[in-house]
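Let me begin by presenting the structure, written as structure tokens, before commenting on it.
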Amino acid sequence: MSGEKKRVHSIDPATIAKHFDAAGAEQRWDAEWEKRGTYRYDPSCSRAETFVVDTPPPTVSGSLHIGHVFSYTHTDVVARYKRMCGMNVFYPMGWDDNGLPTERRVQNYFHVRCDPRAEPEPGLSLSPATAKQRKERPRLVARNDFIGLCHDVTREDERSFEDLWRRIGLSVDWSQQYATIDSRSRHLAQLSFRDLFEKGHVYNTDSPTSWDVDFQTAVAQAEMEDRPRPGAYYRLEFGVEGSDRSFVIATTRPELLPACVGVTAHPDDERYRDLFGKSATTPLFRAPVPIFASELADPGKGTGVLMVCTFGDATDVHWWRERGLALRQLVGRDGRLASVTFGSEDFPSSDPDAANRFYAELAGKNVNQARKRIEELLRDPAGSATGSGAPLQGEPEPIEHAVKFYEKGDRPLEFVPTRQWFVRLLDKKAELLAKGEQIQWHPSFMHARYRDWTEGLNLDWCVSRQRYFGVPIPVWYPLDGAGGRNYDRPLVAEREQLPVDPTSDVPVGFNASQRDQPGGFTGETDIFDTWFTSSLTPQIGSHWALDPERHARLFPADIRPQSHEIIRTWAFYTIAKAMLHENCIPWHHVVVSGWVLDPDRKKMAKSQGNVTTPMPLIEKYTADGARYWSASARLGTDTTEDEKVFKIGKRLATKIFNAGKFVLSQTAEAGPIEAEIDRAFVAELHALVVRATRSFEEFNHAQALTDTETFFWTRFTDSFIELAKVRARSEEDPVGRASAVAALRLGLDVLLRLFAPFLPYVTEEVWSWTFADEKGEPSIHRASWPGEADFASAPAPSDAESFALGISCWNAINKSKSDAEVSMGRGVARLSLAANPATLERLAPVLGDVLAGARVATHTLEASPALEDGAFQISDAEFEERESAT
RNA sequence: AGGCACGUAGCUCAGUGGGAGAGCGCCGCCUUGACACGGCGGAGGUCGGCGGUUCAAUCCCGCCCGUGCCUACCA
């Protein structure tokens, strides 16, 4: 830039609005960016030139809240930085409409139920159900028709999300959209299953599985949560066969007594040692059950001896398998106690009549009802296994204990034997952990979440769900001559066949007439766990098996933004899938945002009823203001919704607008940057660029913002502009004037670009005034990130500290004005400035600018060796009269 | 019960082995020529507590207290 004349425009400030019209700018630039394709992904670029974002697809049936603005802004800031660094950014948007929330919403909205067996009605389109319709039975619709209705309902939700994303300026490429239930996602999910099947990673088995009795579906380990629940220890007296002995078992689930298949205690427990190998007799039902020793029994819990039921908990399942115990399944899929007959082979009893009499009181009841009733029965001495009075010893002792629930469920999970499909993961913990090591986690401690979860895994991934809406499992089963299903030879759809719906499509080698006929086939009606599809978001973006060339340009992705509570699901499963399919990691970085807390520091959640909708905040504080609040938060740190911070962001945008207006309205041509204070300012600016760039590279955008913001206020607007202002308009010093204008413009130019990822609107606005034209880059968001090239021609200052020194001196003069209670603009007729000799000497090159900025007419310098380096003392200041100030 | 994180000014939060910080709020002053949607100045904190390491600890280590999350806990 030095020497040569640049084509520089100044603006006429009169043509610029007095105040920044943020709302207008937001609307204008969003349309302009779309029109220009500013954020368009270029599919011709190689993987190395591309920065790939694995955008989290928001649950479209969820409500919009300020937390969405928060975390998506974090991602956008990174995407914008990378784009300015010259990367071809792939930043898609997905919509998560696969799964229960949408299923429920569609059911209510249209008053329909999905039924895979229903006749398809192509082109089905419904109106929202009327009150009258709601009183009737829900209409049954086929799966694909249900999916169509889902699109109808979610389109509206998607629009409101898109409105928000556009309003806050997400630099998403809107031509890259997908939905987790759309045909490509379904296709890829089924291809994923086919691939896992071919590689031997999936299996189906009939075994006790965690089951939600309300949703009536199997649930995976990752979807369970413990909730503290009140319960009670019921002390029940058991008999010992062929002996007078008895013992007492403490149980919290007396209703499972009829399902008791064994009794166990710790092998070293003296109290029960003599019982091992014998048979116990259960109270009420008089069932003989084996007594065995197990290390898993805790002598300190309850009475130290416990009953094994099918099934009370995971340990019961373990003992049942290990010991080959009987199966006496009581709780059915609906959560009610089944009808069983004591005295049969499966339910032995030494007194079947009494047992059946007691059980008749329980059959058909749900778990809670059965517990209440059996407590009463257990008070009846007639039920004793020993003839020594009521089986219930004393009163139940209330306790609070943890009970497993489906995270979306309302009643405790039960173990119910069902046939399910699983992805084998338990035997791959070590590889999964190794993959986690290859990924960079931001902040790094989030890696521990992944590690803990993976190490603690104790079940394979149950991927089948007994729901109706979702991606069908592409499998049929051959039927034998008697119509029995052969689960060991599943007919998994061929790759070329996909996508399929096995309830309407036909496996290769069969024809439609053989459906559900002996010797024919039957279609799987189960669907996939929604995570089975969501774990493929990087592959959905890259089109994976459907377009290997594109896949190679987009996979693995660079960043996966997400929140920490779904590390065990979304992150974990995505890593597992990439590993099982291609033995690689799905992305290089996981970027974890914290949560937004309400002003009382509680997590903002729809269920808590404390969510803040974002639009009013954006309208009040502008999109840039909302983004400022978001970007101020470090990754992984929970952040309080604090309007004060929004306000600061809005103020910052206004200040940038005004500073831009001032700098760009300087009419003089820019020239070489020669004045010492200009050079020193530029040197500090350069250092800022280095710091901010490093912060971005470390995924510490909050630091980059803080540094840029601090510099902008304290070094640029509050000081450099003030100190260079007079010279920038000086008629007598054309060289100094050109230098000042150049430095001011460079400062604005660089700071605008440093702010651009955070405040896309105001920076684009100011950029558009003259820089867009001068630099031939219509959008700041496509301009280059500041770097060495911007400073190549700026000579170093003779003293790196001279700008700082000038500011100190200027501040000292300001303080004297403040002390005298005169305005900063007041002229100073004369003053005496004291500093130590070395400081005075170093101040000399910038003193002229300082005195001009402070409007000092005459001054005297005083060398005071006693003063510290860099300290200034002002005395004998005489201020001009207000009227005489010019 | 284990793991992780956090605890700094009234509020929201930075920060570092050597001098305690920012913004907001508060107080005082200044209508100035980019900006009153401004500016200048000021008050305000035993950096959760107790020990230890060190010449030196808000920072490193240990213990404790408090908060949040993750994981475990159904006899």
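Predicted model, so just to flag it, every value in this text is computed and none were measured. Here is how names work: the chains are called A, B, and so on, in the same order as the sequence lines, proteins then strands, and each is numbered from 1.
- Against RNA chain B, the stretch residues 220-232 of chain A makes heavy-atom approaches under 4.0 Å through A:Gln221, A:Asp226.
- Take the nearest nucleotide of RNA chain B for A:Gln703 and for A:Phe716: the residue whose nucleotide is more 5' is A:Gln703.
- In the displayed structure, A:Lys429 atom NZ is contacted under 6.0 Å by more than 12 heavy atoms of other residues, nucleotides or ligands.
- Which of B:rG41, B:rU12, B:rC35 sits closest to the side chain of A:Ser818 comes down to B:rG41.
- In summary, A:Glu395 and A:Arg235 do not engage in a salt bridge, as defined by a charged side-chain N under 4.0 Å from a carboxylate O.
- Side-chain atoms of A:Glu722 lie closest to B:rA34 of the nucleotides B:rU71, B:rA14, B:rA34.
- Summarising the geometry, the separation between CG on A:Asp316 and C1' on B:rC74 is reported as 9 Å, rounded to the nearest angstrom.
- Side-chain atoms of A:Lys655 come within donor-acceptor range of the base of B:rC35, with a qualifying N/O pair under 3.5 Å.
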Kindly list each side-chain donor-acceptor pair under 3.5 angstrom involving residues 223-232 of chain A, sequence neighbours excluded, with atom names and distances?
residue  : atom : partner  : partner atom : Å
A:Glu223 : OE1  : A:Ala220 : N            : 3.1
A:Glu223 : OE1  : A:Arg465 : NH2          : 2.4
A:Glu225 : OE2  : A:Arg227 : NE           : 3.0
A:Glu225 : OE2  : A:Arg227 : NH2          : 3.2
A:Asp226 : OD1  : A:Lys404 : NZ           : 2.9
A:Arg227 : NH1  : A:Gly409 : O            : 3.0
A:Arg227 : NH2  : A:Tyr406 : O            : 3.2
A:Arg227 : NH2  : A:Glu407 : O            : 3.4
A:Arg227 : NH2  : A:Gly409 : O            : 3.0

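- Legend: residues meeting side chain to side chain contact (heavy atoms under 4.5 Å, CB included) with A:Thr714, ordered by chain and number and at least two apart, are A:Thr710.
- Contact between the side-chain N/O atoms of A:Lys817 and the OP1/OP2 oxygens of B:rG39 is not found at any separation under 4.0 Å.
- With rounding to whole Å, A:Phe662 atom CZ is found 12 Å from B:rU32 atom C1'.
- For A:Lys603, no side-chain nitrogen or oxygen approaches OP1 or OP2 of B:rG68 to under 4.0 Å.
- Rounding to whole angstrom units, NZ of residue A:Lys620 and P of B:rC37 are separated by 15 Å.
- Using a 4.0 Å heavy-atom cutoff across all strands shown, A:Ser665 reaches no nucleic acid atom at all.
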Report each atom pair, protein N/O against N/O of nucleotides 20-27 of chain B, whose distance is under 3.5 angstrom.
residue : atom : partner  : partner atom : Å
B:rC24  : OP1  : A:Arg651 : NH1          : 3.2

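- The side chain of A:Asp638 lies closest to B:rG68, out of B:rC35, B:rC74, B:rG68.
- Following rounding to the nearest Å, A:Trp595 (CH2) and B:rG68 (C1') show an atom-to-atom distance of 8 Å.
- For the pair A:His401 and A:Thr706, nearest-nucleotide mapping onto RNA chain B gives the more 5' position to A:Thr706.
- Here the nucleotide nearest the side chain of A:Lys18, chosen from B:rC73, B:rG39, B:rA36, is B:rA36.
- Under the 6.0 Å distance and 45° angle rule, A:Arg568 does not count as a cation-pi partner of A:Trp461.
- Residue A:Thr640 places at least one side-chain N or O under 4.0 Å from the OP1 or OP2 atom of B:rC13.
- One C1' atom belongs to B:rC26, the other to B:rA9, and the distance between them is 12 Å to the nearest Å.
- Contact annotation: side chain of A:Gln666 to base of B:rA34, donor-acceptor pair absent below 3.5 Å.
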Tell me, with the steps shown, if A:Phe415 and A:Trp211 meet side chain to side chain contact (heavy atoms under 4.5 Å, CB included). CA-CA 6 Å; A:Phe415 279 93; A:Trp211 183 266; over 6 Å; no
Go through the steps for A:Lys372 and A:Glu255 under the test salt bridge (Lys or Arg N to Asp or Glu O under 4.0 Å), then give the verdict. CA-CA 8 Å; A:Lys372 281 203 190 83; A:Glu255 74 279 8; over 6 Å; no
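- In this structure, the CE atom of A:Met824 is 13 Å from the P atom of B:rU32, given to the nearest Å.
- In this structure, a donor-acceptor pair under 3.5 Å is present between the side chains of A:Thr612 and A:Glu641.
- The environment of CD in A:Glu400 is crowded: more than 12 heavy-atom neighbours from other residues, nucleotides or ligands sit within 6.0 Å.
- A:Lys650 places its NZ atom 7 Å from the C1' atom of B:rC37, with the value rounded to the nearest Å.
- Within 4.0 Å (heavy atoms only), A:Trp319 reaches no atom of the nucleic acid at all.
- Ring geometry for A:Phe712 versus A:Phe716: interplanar angle of 30 to 60°, hence tilted.
- A:Leu664 comes within contact range of no nucleotide atom at all, as no heavy-atom separation falls under 4.0 Å.
- Comparing atom distances between the A:Thr654 side chain and each of B:rC37, B:rG68, B:rC74 picks out B:rC37 as nearest.
- Residue-level contact check: A:Gly302 touches neither bases nor backbone, having no heavy atom under 4.0 Å from any strand.
- Helical stems in RNA chain B, defined as runs of 3 or more consecutive Watson-Crick or G-U wobble pairs with donor-acceptor distances under 3.5 Å: B:1-7 with B:65-71, B:10-13 with B:21-24, B:26-30 with B:38-42, B:48-52 with B:60-64.
- Side-chain atoms of A:Trp319 and A:Thr264 form no donor-acceptor pair, as typed in the model, at a separation below 3.5 Å.
- Distance from the side chain of A:Ala659 is smallest to B:rA34 among B:rU32, B:rG41, B:rA34.
- Using a 4.0 Å heavy-atom criterion, one finds that A:Lys301 contacts the bases of the nucleic acid, with or without backbone contacts as well.
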Could you write nucleotides 2-9 of chain B as a row of B, S and -, 5' to 3', where a protein heavy atom under 4.0 Å of any base atom gives B, of only sugar-phosphate atoms gives S, and otherwise -? -SSS----
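- One finds a side-chain N or O of A:Arg568 lying less than 4.0 angstrom from the OP1 or OP2 phosphate oxygen of B:rU71.
- When heavy atoms are screened at a 4.0 angstrom cut-off, A:Tyr233 is found touching the sugar-phosphate backbone but no base atom.
- Rounded to a whole Å, the CD atom of A:Glu821 is 10 Å from the C1' atom of B:rG41.
- A 6.0 Å sphere centred on CD of A:Gln873 holds no more than 12 heavy atoms belonging to other residues, nucleotides or ligands.
- In this structure, A:Ala820 reaches neither bases nor backbone, as no heavy-atom distance under 4.0 Å exists between it and the strands shown.
- Closest approach to the A:Asp718 side chain among B:rC40, B:rU71, B:rC73 is made by B:rC40 (side chain taken as heavy atoms from C-beta onward).
- Between the P atom of B:rA72 and the CG atom of A:Leu459 lies a distance of 10 Å, rounded to the nearest Å.
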Is there a side chain to side chain contact (heavy atoms under 4.5 Å, CB included) between A:Val590 and A:Gln440 once you walk through the steps? CA-CA 6 Å; A:Val590 176; A:Gln440 296 192 43; over 6 Å; no
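- Side-chain proximity of A:Thr637 to B:rA34, B:rA14, B:rC40: nearest is B:rA14.
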Is there a side chain to side chain contact (heavy atoms under 4.5 Å, CB included) between A:Leu257 and A:Met307? Walk through the geometry before answering. CA-CA 8 Å; A:Leu257 180 62; A:Met307 62 177 189; 3.8 Å; yes
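- Counting only N and O atoms by type, the side chains of A:Tyr234 and A:Gln393 include no donor and acceptor under 3.5 Å apart.
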